[in-house]
Undergrad: 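First the structure, which I've put down as structure tokens, then a few questions once you've had a look.
The residues of the chain are indexed from 1 along the displayed sequence.
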Amino acid sequence: TICKAYVELSRNTPLLIQLYFLYFGLPKIGVMLEPETCAIVGLIFLGGSYMVESFRSGLEAVSARQYEVGLSIGLTPLQNFSYVIFPQSLAVAFPSLVANVIFLIKETSVFSIVALADLMYVTKDLIGLYYKTDEALLMLVLAYLVVLLPLSLAAKWLERRLNNAGFGMVEKGFSVTFFYNRSLFQKQDTICHSFGKLQLMGHDNHGVSLTRQFADQFQDFPHHFRV
């Protein structure tokens, strides 16, 4: 209930109002915060709720069978989450996580209300000094592009890597190997090796990754080979 209340309050109130409350409201009850602290707390308060919802959607997208399969071969709950659930949920939630990061960076344009010299604040100063509105606004747009465009391109590249590359785990001691590829993100396949016995869960007509020491024994599998 507390988490739901926090998410609803944070997502349904603008960052501008939150900053006003932190910077001008809290001093009324004796709590004084520096402008930098107000900006950081406000951004965390707003961004936390969006990140929580992104991770929640990613976790709910993973089939419950994946968790059950991990437990059935002897993985602990922590190992199951780290090597089975989390990689799949991250691949699903990654686009929305990146979108939230970009959104939060753009929200820094309102920090000037707590006396912080952000890009928008500097732009308004330049307009007041030189009366060159068009040039100043163009530089503002270019500044945000310089910051956000490389981040967006890098995120797209990493998203493709997450969707196409494999995730793996080799646990010494009981010799369990999990590997994941795009078909697993689509809830199609998983393959595990436990105590020398190969088990297929689901369909086997998609790319499956194998450890190097067992690759020669299964030449009829597709060529998506990762270690």
Undergrad: Could you state whether Val7 and Leu104 fall into the same hydrophobic cluster, counting links through intermediate Ile, Leu, Val, Met, Phe, Trp or Tyr residues with side-chain heavy atoms under 4.5 angstrom apart?
TA: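 Shared cluster, no.
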Undergrad: Could you check whether Phe111 and Tyr121 have their ring centres less than 6.0 Å apart?
TA: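 No: the rings miss the under 6.0 Å criterion.
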Undergrad: Working to the nearest 0.5 angstrom, can you tell me the gap between Phe94 CZ and Leu97 CG?
TA: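 It is 7.5 Å, given to the nearest 0.5 Å.
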Undergrad: After noting the C-alpha distance and the side-chain angles of Leu59 and Phe81, does the key distance pass the side-chain contact (heavy atoms from CB on, under 4.5 Å) rule?
TA: CA-CA 10 Å; Leu59 291 172; Phe81 177 80; 3.9 Å; yes
Undergrad: Quick check: is Val122 connected to Met120 through a chain of hydrophobic side chains (ILVMFWY, heavy atoms under 4.5 Å apart)?
TA: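 They do not share one cluster, since no chain of ILVMFWY contacts under 4.5 Å joins Met120 to Val122.
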Undergrad: Same cluster for Val52 and Phe55 if Ile/Leu/Val/Met/Phe/Trp/Tyr side chains link at under 4.5 Å?
TA: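 No, Val52 does not connect to Phe55 through the hydrophobic network.
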Undergrad: Could you grab the distance from atom CD1 of Ile102 to atom CG of Leu151, nearest 0.5 Å is fine?
TA: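 Reported value, rounded in 0.5 Å steps: 5.0 Å.
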Undergrad: Less than 4.5 Å apart, any side-chain heavy atom of Val98 and any of Ser152?
TA: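 Answer no - side chains too far apart.
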Undergrad: Side chain of Gln79, backbone of Thr76: donor and acceptor closer than 3.5 Å?
TA: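 Yes, because the side chain of Gln79 sits within donor-acceptor range (under 3.5 Å) of the backbone of Thr76.
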Undergrad: What distance do Met32 atom CE and Tyr23 atom OH have between them, rounded to the nearest 0.5 Å?
TA: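 Between Met32 CE and Tyr23 OH, I get 8.0 Å after rounding to 0.5 Å.
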Undergrad: Verify salt bridge (charged side-chain N to carboxylate O under 4.0 Å, His left out) between Glu68 and Arg65, making sure each step is shown before the conclusion.
TA: CA-CA 5 Å; Glu68 295 169 356; Arg65 290 182 300 174; over 6 Å; no
Undergrad: Would you call Lys156 and Glu159 a salt bridge, taking side-chain N to carboxylate O under 4.0 Å as the test?
TA: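 A salt bridge is absent here (no side-chain N lies under 4.0 Å from a carboxylate O).
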Undergrad: Quick one: pull up CD in Glu107 and CG in Leu19 and give me the separation to the nearest 0.5 Å.
TA: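 So the CD of Glu107 and the CG of Leu19 are separated by 9.0 Å.
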Undergrad: Under 3.5 Å, which donor-acceptor pairs link side chains of residues 35-49 to any protein atom two or more places apart or in another chain?
TA:
| residue | atom | partner | partner atom | Å |
| --- | --- | --- | --- | --- |
| Ser49 | OG | Ser10 | OG | 2.9 |
| Ser49 | OG | Leu46 | O | 2.9 |

Undergrad: Is there a side-chain contact between Leu26 and Phe21, using heavy atoms and a 4.5 Å cut-off?
TA: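 Side chain of Leu26 against side chain of Phe21, heavy atoms only: contact under 4.5 Å found.
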Undergrad: State the OG-CD distance between Ser89 and Gln66, to the nearest 0.5 angstrom.
TA: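 Reported to 0.5 Å precision, the distance equals 11.5 Å.
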Undergrad: Just verifying a value: how many Å separate Leu78 CG and Tyr83 OH, rounded to the nearest 0.5 Å?
TA: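 Going from CG on Leu78 over to OH on Tyr83, the span is 8.0 Å.
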Undergrad: According to a hydrophobic-cluster definition based on side-chain heavy atoms being under 4.5 Å apart (Ile, Leu, Val, Met, Phe, Trp, Tyr only), do Phe24 and Ile17 belong together?
TA: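 In one cluster with Phe24: Ile17, no.
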Undergrad: With a 4.5 Å cut-off on side-chain heavy-atom distances among I, L, V, M, F, W and Y, is there a chain of contacts connecting Ile105 to Leu15?
TA: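 Yes, Ile105 connects to Leu15 through the hydrophobic network.
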Undergrad: Given side chains that start at C-beta, do those of Ile113 and Tyr20 come closer than 4.5 Å, heavy atoms only?
TA: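 Yes. Closest side-chain heavy atoms under 4.5 Å.
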Undergrad: Show your working on side-chain contact (heavy atoms from CB on, under 4.5 Å) between Met51 and Val101 and close with a plain yes or no.
TA: CA-CA 9 Å; Met51 295 300 181; Val101 171; 3.6 Å; yes
Undergrad: Strictly distance-based, threshold 3.5 Å: is any side-chain N or O of Ser112 a donor or acceptor partner for the main-chain N or O of Ala115?
TA: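 Pair absent, no side-chain N/O of Ser112 close to backbone of Ala115.
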Undergrad: Using residues 123-148 as the side-chain source, report each donor-acceptor pair under 3.5 Å to any protein atom, sequence neighbours left out, with the distance given to one decimal.
TA:
| residue | atom | partner | partner atom | Å |
| --- | --- | --- | --- | --- |
| Thr123 | OG1 | Leu119 | O | 2.8 |

Undergrad: Should the pair Glu8-Lys4 be classified as a salt bridge under the 4.0 Å nitrogen-to-oxygen rule?
TA: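 Lys4 and Glu8: not salt-bridged.
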Undergrad: Compare every heavy atom of Asn100 with every heavy atom of Ser54, then report the nearest pair and how far apart it is.
TA: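 Of all heavy-atom pairs spanning Ser54 and Asn100, the closest is OG-ND2, 2.8 Å.
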